[in-house]
Amino acid sequence: MSFLNQPILCYNEEIRSAVLVIHGEKAHSCYFSRDAFQKLTGDNKELLIIPGAVHTDLYDRMEVIPFDKMEQFFRDNLQ
């Protein structure tokens, strides 16, 4: 079965662990992260949209990647 035909957002409400969703504001797929995040439940979830960033900016543009936010999220949620 094709990946695009999989109901991959059907089980979001079953995720109990902490989730940090990071996406570039100008990425063509940003809508998918917003949609997926809206379906998550619990108070240990966070959506972080990086202003002006496209998808590939979060691969290797060190000044764009929110390392400080990631570190704090992991410190708060991985115990």
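All values below come from the heavy atoms of this structure, side chains included, with hydrogens, waters and symmetry mates left out.
Proximity of a side-chain donor or acceptor of Asn12 to a complementary backbone N or O of Ala36 within less than 3.5 Å is detected. No side-chain donor-acceptor contact under 3.5 Å links Glu46 to the backbone of Leu20. No side-chain donor-acceptor contact under 3.5 Å links Lys26 to the backbone of His55.
With hydrophobic clusters built from ILVMFWY side chains whose heavy atoms lie under 4.5 angstrom apart, Leu48 shares a cluster with Met62. Under a hydrophobic-cluster definition in which Ile, Leu, Val, Met, Phe, Trp and Tyr are linked whenever side-chain heavy atoms come within less than 4.5 Å, directly or via other members, Phe73 and Val64 are assigned to the same cluster. Tyr31 and Phe37 are members of different hydrophobic clusters when ILVMFWY side chains are connected at heavy-atom separations under 4.5 Å. No chain of hydrophobic side-chain contacts below 4.5 Å, direct or via other Ile, Leu, Val, Met, Phe, Trp or Tyr residues, connects Leu40 to Ile22.
Nearest heavy atom pair, residue Val54 against residue Asp57, reads N-OD2, 2.9 Å. Scanning both residues, Glu13 and Thr41, for their nearest heavy atoms gives O-OG1, 3.4 Å.
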Next on the checklist: One pair to check against side chain to side chain contact (heavy atoms under 4.5 Å, CB included): Arg34 and Ile49. What are the steps and the verdict?
Outcome noted: CA-CA 9 Å; Arg34 292 178 193 270; Ile49 302 295; 3.8 Å; yes
Checklist entry - Taking it one step at a time, do Leu47 and Gln38 satisfy side chain to side chain contact (heavy atoms under 4.5 Å, CB included)? => result CA-CA 9 Å; Leu47 174 64; Gln38 285 183 335; over 6 Å; no
Next on the checklist: If you apply the rule side chain to side chain contact (heavy atoms under 4.5 Å, CB included), what do you find for Ile50 with Leu58, and how did you get there?
Outcome noted: CA-CA 9 Å; Ile50 308 301; Leu58 298 173; 3.9 Å; yes
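Note: Arg75 CZ to Asn77 CG = 12.5 Å, rounded to the nearest 0.5 Å.
Counting only heavy atoms from C-beta outward, the side chains of Arg16 and Asn44 never approach each other to under 4.5 Å. Put simply, the side chain of Thr56 reaches to within 4.5 Å of the side chain of Tyr59, judged on heavy atoms. Contact check for His23 versus Phe32: no side-chain heavy atoms found under the 4.5 Å cut-off.
For the residue pair Asp68/Gln72, the side-chain donor-acceptor check at 3.5 Å is not satisfied.
Tyr11 OH: 12 or fewer foreign heavy atoms inside a 6.0 Å radius.
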